[in-house]
Amino acid sequence: MHTKLIDGKEIARKKRKELEKRVIQLKGMGIYPRLAVILVGDDSASMTYVRNKQKACEEIGIESDVYHYEAETDEETILQKVEQLNQNPSVHGILVQLPLPKHIDSKKVILAIDPNKDVDGFHPINIGKRVLGERSLVPCTPLGIMVMLEEAGVSIRGKHAVIVGRSNIVGKPIGQLLLDNDATVTFCHSKTENLRKYTLQADILIVAVGKPRFIRAEDVKEGAVVFDVGINRDENGKLCGDVDTVDVLPKVSQITPVPGGVGPMTITMLLANTIQAATMNVDEFSD
Ligand SMILES: NC(=O)C1=CN([C@@H]2O[C@H](COP(=O)(O)OP(=O)(O)OC[C@H]3O[C@@H](n4cnc5c(N)ncnc54)[C@H](OP(=O)(O)O)[C@@H]3O)[C@@H](O)[C@H]2O)C=CC1
Ligand SMILES: Nc1nc(=O)c2c([nH]1)NC[C@@H]1CN(c3ccc(C(=O)N[C@@H](CCC(=O)O)C(=O)O)cc3)C=[N+]21
Ligand SMILES: [Mg+2]
């Protein structure tokens with residue numbers, strides 16, 4: 001692989017081996033980590049993601065159940081399912097695949113999840129705890145990026161991290177984690193004036209916009225480390241990120257590819273969070 005590319009698949013493989021050992025250890029203690037996934041509707045991307053999550057669980061010995069509802073299912077049915085899973089002590093993690101159909105209020109559904117089982121880290125309680133620096137379940141994509149920074153040997157302290165995108169699931173939490181690790185953080189978004197002025201200052205550039213090849217060579221500083229979170233289809237239907245990888249490659253010091261970058265780590269951190277949720281109330285494992 002090109003030496004500048006941060007190999008998310010390889011890092012994911014290594015982390016999953018470690019997690020697999022942990023699962024074996026837990027099973028020895030009578031704890032069988034279990035993830036429940038709720039999927040509503042038949043969006044093909046969502047179905048692929050859910051299948052990949054299931055496969056990843058299976059590979060390391062985590063039990064997973066997918067509850068697949070048709071698109072017309074009412075909100076109350078989903079809320080009742082969440083409540084039932086909350087009450088079930090053999091279920092450690094609950095994930096509601098987003099987006100949900102428009103007639104279901106996703107805020108309400110997320111709020112219904114037991115924060116201790118919220119393996120996506122989307123519940124307000126977990127968001128609040130994280131901001132206050134308390135132990136919590138952290139969203140998978142930001143967590144994956146932190147692990148990749150560590151594995152790639154990138155130092156964060158004192159560096160200028162620029163985040164393009166401010167969603168609750170990627171932009172905001174990754175900014176918070178980088179801040180907690182002593183980066184100087186700038187958030188950019190669709191109303192940012194002169195975006196390039198900021199991206200050009202980034203030692204660490206995180207791009208989570210959802211626009212194919214939005215960031216190009218003229219937008220990045222020489223030697224920058226770039227994380228491309230975007231998952232898009234270009235005009236030819238080809239999978240691509242938010243960064244024009246080929247264009248920026250000569251300028252950057254390291255960059256995550258799409259596919260094979262941030263995506264595989266997101267799923268790996270879902271496994272890690274499920275294990276964390278399963279061990280949360282076991283004294284010997286609390287760290
Ligand atoms: N690899 C992975 O594991 C994951 C990948 N993704 C992918 O990452 C991408 C982003 O996802 P997500 O955060 O959920 O997306 P959202 O659509 O929720 O957020 C996009 C953000 O980009 C900002 N934005 C849009 N246009 C511009 C622009 N022209 N200039 C600057 N900022 C802009 C928006 O600004 P504003 O707030 O002002 O609207 C918003 O904050 C998507 O492609 C998604 O598929 C998402 C999750 C996980
Ligand atoms: N409740 C919830 N939690 C999520 O974490 C969540 C969600 N809803 N909705 C959708 C987004 C998106 N997301 C991805 C996960 C893995 C890849 C991934 O593995 N991508 C592969 C390739 C994927 C492909 O081939 O299509 C890669 O980048 O190499 C991508 C995107 C999680 N999300
Ligand atoms: Mg996530």
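Keep in mind it's a predicted model, so treat the numbers as computed, not measured. Along the sequence shown, the residues carry numbers beginning at 1. Every number for a ligand or one of its atoms is a count from 1 in the order of the listing.
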In terms of hydrophobic clustering (I, L, V, M, F, W, Y; side-chain heavy atoms under 4.5 Å; direct or indirect links), are I6 and I156 co-clustered?
yes
Is it the case that one hydrophobic cluster holds both M269 and I169, taking links as side-chain heavy atoms less than 4.5 Å apart, direct or via other members?
yes
Check for me whether [X] has a heavy atom closer than 4.0 Å to any atom of ligand 2.
X: N52; value: no
X: C140; value: no
X: K9; value: no
X: I231; value: yes
X: V96; value: yes

Are side-chain N/O atoms of E83 and Q87 paired as donor and acceptor at under 3.5 Å?
yes
Provide the closest heavy-atom pair for R166 versus K172 in the form atom of the first, atom of the second, distance.
O-CE, 3.4 Å
Do the side chains of C140 and D120 get nearer than 4.5 Å, heavy atoms only?
yes
Quick one: does V252's side chain get under 4.5 Å of V225's, heavy atoms only?
no
Ligand 1 contact on N232 by region, counting heavy-atom pairs under 4.0 Å
side chain
Number the atoms of ligand 1 from 1 as they appear, then name those within less than 4.0 Å of a heavy atom of [X], with their elements.
X: G263; answer: 1 (N), 3 (O)
X: T141; answer: 3 (O), 48 (C)
X: T266; answer: 2 (C), 3 (O)
X: F214; answer: 28 (C), 29 (N), 30 (N)

Please confirm whether [X] approaches ligand 1 to less than 4.0 Å, judged on its heavy atoms.
X: I231; value: yes
X: A208; value: yes
X: M265; value: no

Is any side-chain N of the basic residue among E18 and K21 closer than 4.0 Å to the acidic one's carboxylate O?
no
Considering distance alone, does some N or O of S190 sit under 3.5 Å from an N or O of ligand 1?
yes
Show which atoms of ligand 2 fall inside a sub-4.0 Å distance from at least one heavy-atom site of G260.
27 (C), 28 (O), 29 (O)
Among R166, K211, H189, whose heavy atom sits nearest atom 40 (C) of ligand 1?
R166
